[in-house]
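Notes to accompany the following structure.
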Amino acid sequence: MGLLLGLFLPFLLIPGESLGKDGGWPANKRAALTEEESCTIERRDASLTYSEFIQQYAFSRPVILQGITDNSEFQAQCTKEELLAKFGDRPIRLSTANTYSYQKVDLPFQEYVDQLLEPQDLDSLGSETLYFFGDNNFTEWGSLFQRYRPPPFRIPGTTGAYSFGIAGSGSGVPFHWHGPGFSEVIFGRKRWFLYPPEKTPEFHPNRTTLSWLLDTYPFLPSWERPMECTIHPGEVLYFPDRWWHATLNLDTSVFISTFLG
C-alpha cells in the first residue's frame, strides 16, 4: 500500500491555453523558484496513441502530454474571481504538507484564499504548512468537475478519481508514492521531481519541498538527481505506480489530478 497523501524553458502554446493570463492568482515572488536547467521527462503531443502510451509509459516511466485535451472551459471557471463567487463560502479541507501523517483542517474557501494562500515560509515545517489538495467535496464542487476533460488514456482495470487543488508559490508536497495518475496545471507552474520505485530519495518527511530544493538538491551528484520538469497550463504529467514524487508550485497554482485506482 502506498504512502498516504498529495534555467527557464520556453512557454509552450497548448490548445485551450490562454497565454499571458494567470486567472487573477498571484505569480512567483521568490527568486529561488526557477524552472530546472533541463527537463529530463519526455514530452509527447496529441499524436501519441493509446497503444504507444501503454507500451512505452504506463508501467515504466513518466511522460508529459501536450494538447491531448482542451480544458479552456474548465480554466475559465478556475479564475480567482469565478471560484470565489461560486465557492467562497463553501468549506474546504486542508492537509498538512508532510509525508507520513496529515492533520486535517476545515475552513471556508474564502478564508483560505485571503489568509493562507501565501508564498511558502522557508522556516515552516511540512506539519505547519496547510495545503488545499485532495479532500474535495464532490457534491459541492461537482458542478466544477463536470467541466473538466480528463486525459483520454486509462490503465486497464482502473478508474479515475479527481483531486483538485490551489496552492501558493513555494508550496508543495514532499516525496511520497502511491498509485499511478495524471496531473494537469490549470494556472501557474508546477515543478516535479520523480524517482523510480527502487530508488528511495534522500529527504526529511517533515521538511518542505522548497527546503529540500535549497538544502539538499544542490549537493546531489548527477547520478543521484531525480527526473524533473516543470509543467505549464495545458500540460499533463503522467506518473506510473509507486514512483516517488515531490512537487513545488513555482507560482500560485491551480491544478487537478486524476488518480487511477
Side-chain angles (χ1 to χ4, degrees), residues 2-9 25-41 62 64 94-103 112 116-135 163-178 181 183-185 187-197 199-220 224-232 235 237 239 242-257 259:
L3 302 178
L4 296 177
L5 284 184
L7 290 195
F8 293 86
L9 293 174
W25 302 102
N28 171 24
K29 296 181 179 180
R30 290 185 184 275
L33 297 176
T34 59
E35 297 185 19
E36 64 290 330
E37 293 182 6
S38 177
C39 173
T40 55
I41 302 175
I64 297 171
L94 309 179
S95 300
T96 50
N98 53 349
T99 298
Y100 295 110
S101 62
Y102 293 88
Q103 177 188 356
Y112 172 67
L116 297 178
L117 199 60
E118 296 289 336
Q120 176 72 48
D121 185 339
L122 289 173
D123 296 324
S124 294
L125 297 174
S127 58
E128 301 167 339
T129 303
L130 293 174
Y131 195 80
F132 175 37
F133 173 65
D135 287 312
S163 180
F164 179 72
I166 303 172
S169 62
S171 65
V173 180
F175 283 105
H176 62 284
W177 59 266
H178 46 72
S183 183
E184 179 168 354
V185 168
F187 287 111
R189 296 169 299 154
K190 183 183 284 286
R191 187 170 171 180
W192 283 73
F193 308 90
L194 301 105
Y195 286 97
K199 191 175 183 62
T200 302
E202 178 185 345
F203 73 103
H204 189 290
N206 200 29
R207 297 291 301 276
T208 64
T209 304
L210 181 58
S211 67
W212 175 86
L213 178 67
L214 297 176
D215 299 336
T216 302
Y217 176 90
F219 304 101
L220 294 175
E224 294 290 342
R225 290 282 176 99
M227 295 182 68
E228 60 179 311
C229 202
T230 298
I231 59 173
H232 301 94
E235 293 187 318
L237 173 74
F239 53 89
R242 300 172 66 91
W243 272 65
W244 289 94
H245 54 279
T247 60
L248 180 68
N249 297 296
L250 301 186
D251 310 298
T252 300
S253 298
V254 181
F255 48 91
I256 185 167
S257 297
F259 293 121

Practice item. Would you confirm whether Tyr100, through its side chain, and His176, through its main-chain N or O, come within 3.5 Å as a donor-acceptor pair? Key: no
Review point. So how far is it from Asn206 CG to Thr99 OG1, rounded to the nearest 0.5 Å?
Key: 8.5 Å
Point to revise | Between Asp251 and Ser253, a side-chain donor and acceptor under 3.5 Å | key: no
Review point. Do Tyr131 and Ser171 have side chains that get closer than 4.5 Å, going by heavy atoms?
Key: yes
Review point. Counting distance only, does the side-chain N/O of Ser127 pair as donor-acceptor with the main-chain N or O of Leu125 below 3.5 Å?
Key: no
**Study point:** Thr209 side-chain N/O to Leu248 backbone N/O, donor-acceptor pair under 3.5 Å
**Key:** no
Point to revise | Stepwise side-chain contact (heavy atoms from CB on, under 4.5 Å) test for Leu194 and Trp244 | key: CA-CA 5 Å; Leu194 301 105; Trp244 289 94; over 6 Å; no
Review point. Do Asn98 and Pro205 have side chains that get closer than 4.5 Å, going by heavy atoms?
Key: no
Practice item. Would you indicate whether the side-chain heavy atoms of Thr200 and Tyr195 approach each other to under 4.5 Å? Key: no
Check your understanding: Between Trp25 and Val254, is a side-chain contact (heavy atoms from CB on, under 4.5 Å) present by the stated rule, with each step listed?
Key -> CA-CA 9 Å; Trp25 302 102; Val254 181; 3.5 Å; yes
Review point. At what distance, to the nearest 0.5 angstrom, does CG of Asn249 lie from CG of Leu210?
Key: 10.5 Å
**Study point:** Rounded distance (nearest 0.5 Å) linking atom OG of Ser38 with atom CZ of Arg225
**Key:** 11.5 Å
**Study point:** Residue pair Phe133, Phe255: steps toward the ring-ring contact (aromatic ring centres under 6.0 Å, His included) verdict
**Key:** CA-CA 9 Å; Phe133 173 65; Phe255 48 91; 5.6 Å; yes
**Study point:** Exercise: do Glu224 and Tyr217 side chains pair donor with acceptor under 3.5 Å
**Key:** no
Study note, to complete from the structure: Interatomic distance, CD@Glu184 vs CD1@Ile64, rounded to 0.5 Å, equals 12.5 Å
Practice item. List the steps and the verdict of side-chain hydrogen bond (donor to acceptor under 3.5 Å, both in side chains) for Ser257 and Ser183. Key: CA-CA 4 Å; Ser257 297; Ser183 183; 3.3 Å; yes
Check your understanding: With respect to Thr230, which candidate in Glu235, Glu35, Lys190 satisfies the side-chain contact (heavy atoms from CB on, under 4.5 Å) definition?
Key -> Glu35
Practice item. Begin from the C-alpha positions of Met227 and Phe239 and carry the test side-chain contact (heavy atoms from CB on, under 4.5 Å) through to its verdict. Key: CA-CA 11 Å; Met227 295 182 68; Phe239 53 89; over 6 Å; no
Review point. Can you find a pair of side-chain heavy atoms, one from Phe193 and one from Leu213, that are under 4.5 Å apart?
Key: yes
**Study point:** ring-ring contact (aromatic ring centres under 6.0 Å, His included) evaluation trace for Trp192 with His245
**Key:** CA-CA 7 Å; Trp192 283 73; His245 54 279; 5.5 Å; yes
Review point. Taking the side chain as C-beta and beyond, is there a heavy-atom pair between Leu250 and Thr34 under 4.5 Å?
Key: no
**Study point:** Thr40 side chain to Glu228 backbone, donor-acceptor under 3.5 Å
**Key:** yes
Exercise for review: Not counting sequence neighbours, which residues clear side chain to side chain contact (heavy atoms under 4.5 Å, CB included) with Ser124? List them please.
Suggested key: Gln120, Asp121, Glu128, Thr129
Exercise for review: Look at the side chain of Trp212 and the backbone N and O of Phe175, then say whether any donor-acceptor pair between them is shorter than 3.5 Å.
Suggested key: no
Exercise for review: Measure the OG1-CG distance between Thr208 and Asp215 for me, rounded to the nearest 0.5 Å.
Suggested key: 8.5 Å
Practice item. Decide yes or no for Leu122 and Leu214: does some side-chain heavy atom of the first lie under 4.5 Å from some side-chain heavy atom of the second? Key: yes
**Study point:** side-chain contact (heavy atoms from CB on, under 4.5 Å) between Cys229 and Glu36, worked out
**Key:** CA-CA 6 Å; Cys229 202; Glu36 64 290 330; 4.0 Å; yes
Check your understanding: Side-chain contact, heavy-atom cut-off 4.5 Å: Ile41 with Pro62?
Key -> yes
Check your understanding: Should Pro196 and Trp243 count as side-chain neighbours, where that means a heavy-atom distance under 4.5 Å?
Key -> yes
